[in-house]
Amino acid sequence: MKKQYSEFLDLLFQLKNEKKSFKVSGNEIESYINSLSKEDFIEIVKEIGMIPESIEASSTEEKLYSKASDIVLARCFSEIGLKAKAVSERGNSADIIAESEHGYTLVADAKTFRLSRTAKNQKDFKISTLSKWRGMEHDFAILVAPYFQFPNTNSQIYSSSLSDKVCLLSWEHMLFLLNMQVVEDISLSLEQVWNAPARIERDSKIAYVDRMNCLFPYINKMVCDRISATLDGFEMQLKECKSYILERSNDEIAILKTEIQNIEGYTKEQAIKELIKSRKLNEKISAIMSYKNSL
């Protein structure tokens, strides 16, 4: 795990321990992310798609990590020349909104997953929800998730992308744009990338094949063609990203093995307390009591 990413995680744990409001914590994370040099920021982008096992599921830290991923993706769009912001109060709206000097706007959603997370399906990506958030006000909807966490064969995710006109991209694609120093200007618009689903559907060779097939062979080529890069260059970066994942995998396995060792050393009383805590039994009792008292 790289130093910059470790420092970023330390900030999340610090904010949780300080028990600041979610809004204040979000502002501090945004200030931190935006203060990083581009080089340090890229180190965060390389690893942000993988939630570390040191962060408990449904914890304050996990919620802060999700918010941080929105902020990181918003800065990615800013780095490539768009005016982008992570929406502070989510509600029933997109997490990220960006505007181009070429006159289009887009909404985006950042997805992160644990390496221990198995078989993801359409509900994990919420493509139809993102499409609704785009509405009539915005031109494009972009979903960004870890490249190697997308299904690599057939999936309903891909047919939904086409029917709902939501562009599927990965953190690795954003990293590639950053590394290639891509910035929108008068002579370059990335509109053709964001419009990938419509362009794929217009291709007569694709229109009549199985719509559940993986779309990334087409998307990868579209990204490379638009920025005058080679597919070989993108493939080389994917190999480098695999090495980051392998390194992180070893880190995460070590964390889990240490946790197993700690649990094996529990007394009977400690084990009982941890089991009650992990199943949130007291919280469930409190929720039921609260409901009962409200009747």
Side-chain angles (χ1 to χ4, degrees), residues 1 5-29 47-72 86-93 95 109-130 133 143 145-146 149 151 156-157 245 248-295:
M1 193 178 292
Y5 184 70
S6 295
E7 183 181 282
F8 160 71
L9 292 180
D10 288 343
L11 172 64
L12 301 190
F13 284 106
Q14 177 188 327
L15 291 171
K16 182 259 184 181
N17 291 334
E18 291 174 354
K19 297 182 179 179
K20 295 182 178 180
S21 71
F22 189 78
K23 184 175 182 179
V24 169
S25 294
N27 290 338
E28 292 200 22
I29 293 169
E47 305 204 49
I48 191 68
M50 299 172 280
I51 305 174
E53 296 296 336
S54 59
I55 291 180
E56 291 185 17
S58 303
S59 64
T60 299
E61 298 95 307
E62 187 177 63
K63 292 179 176 67
L64 290 174
Y65 194 95
S66 177
K67 180 62 181 177
S69 70
D70 296 337
I71 294 166
V72 170
V87 179
S88 57
E89 300 297 331
R90 291 191 180 187
N92 189 26
S93 64
D95 298 330
D109 191 15
K111 294 295 181 187
T112 59
F113 297 108
R114 297 173 187 275
L115 293 176
S116 59
R117 179 74 168 83
T118 56
K120 289 160 289 298
N121 55 44
Q122 193 172 351
K123 288 188 288 185
D124 294 310
F125 292 90
K126 299 180 181 176
I127 291 171
S128 60
T129 301
L130 184 55
W133 285 341
L143 187 147
Q149 295 270 22
Q156 185 69 37
I157 292 166
I245 295 171
R248 277 289 300 279
S249 297
N250 292 332
D251 291 341
E252 302 303 335
I253 289 170
I255 289 170
L256 293 173
K257 284 185 174 180
T258 298
E259 189 171 346
I260 289 172
Q261 289 177 342
N262 291 337
I263 292 171
E264 288 175 341
Y266 283 175
T267 64
K268 180 181 177 181
E269 290 74 15
Q270 284 178 309
I272 290 171
K273 286 181 180 178
E274 282 297 316
L275 182 58
I276 292 171
K277 180 182 175 183
S278 67
R279 296 184 62 183
K280 298 184 177 180
L281 300 180
N282 286 321
E283 289 87 341
K284 291 176 182 178
I285 290 171
S286 295
I288 294 171
M289 289 293 293
S290 176
Y291 175 72
K292 187 181 79 169
N293 292 335
S294 71
L295 296 176

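Put simply, the side chain of E252 gets close to the backbone of E53: a donor and an acceptor are under 3.5 Å apart. In this structure a side-chain-to-backbone donor-acceptor pair under 3.5 Å is present from R114 to P52.
We find the NZ-CG distance between K257 and N262 to be 14.5 Å, quoted to the nearest 0.5 Å. Rounding to the nearest 0.5 Å gives a distance of 11.0 Å between OG of S69 and CG of L64. The line from CE of M50 to OH of Y5 is 7.0 Å long, rounded to the nearest 0.5 Å. A distance of 12.5 Å separates NZ of K19 from OG of S25, quoted to the nearest 0.5 Å. Distance CZ/F125 to CZ/F113: 4.0 Å, rounded to 0.5 Å. Within the model, atoms CD1 of I253 and CG of L115 stand 9.0 Å from one another, a figure rounded to the nearest 0.5 Å.
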Please list every donor-acceptor pair under 3.5 Å in which a side-chain atom of residues 278-288 meets a protein atom from a residue at least two apart or in another chain.
from: S278; atom 1: OG; to: E274; atom 2: O; distance (Å): 3.3
from: S278; atom 1: OG; to: L275; atom 2: O; distance (Å): 2.9
from: S286; atom 1: OG; to: N282; atom 2: O; distance (Å): 3.1

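Within a 6.0 Å sphere centred on CD of Q270, other residues, nucleotides and ligands contribute more than 12 heavy atoms.
The minimum heavy-atom distance between P146 and G49, with the atom names listed, is CG-O, 3.3 Å. The two residues I48 and T112 come nearest to each other via the heavy atoms O-CG2, 3.2 Å. Contact between E47 and Y65 at its shortest, heavy atoms only, is O-OH, 3.6 Å. Nearest heavy atom pair, residue E62 against residue S58, reads OE1-N, 2.6 Å.
Checked against side chain to side chain donor-acceptor pair (under 3.5 Å), K111 has the following partners two or more places apart in sequence or in another chain: D109.
Between I55 and L9 the shortest side-chain heavy-atom distance falls below 4.5 Å. Between F22 and K67 the shortest side-chain heavy-atom distance falls below 4.5 Å.
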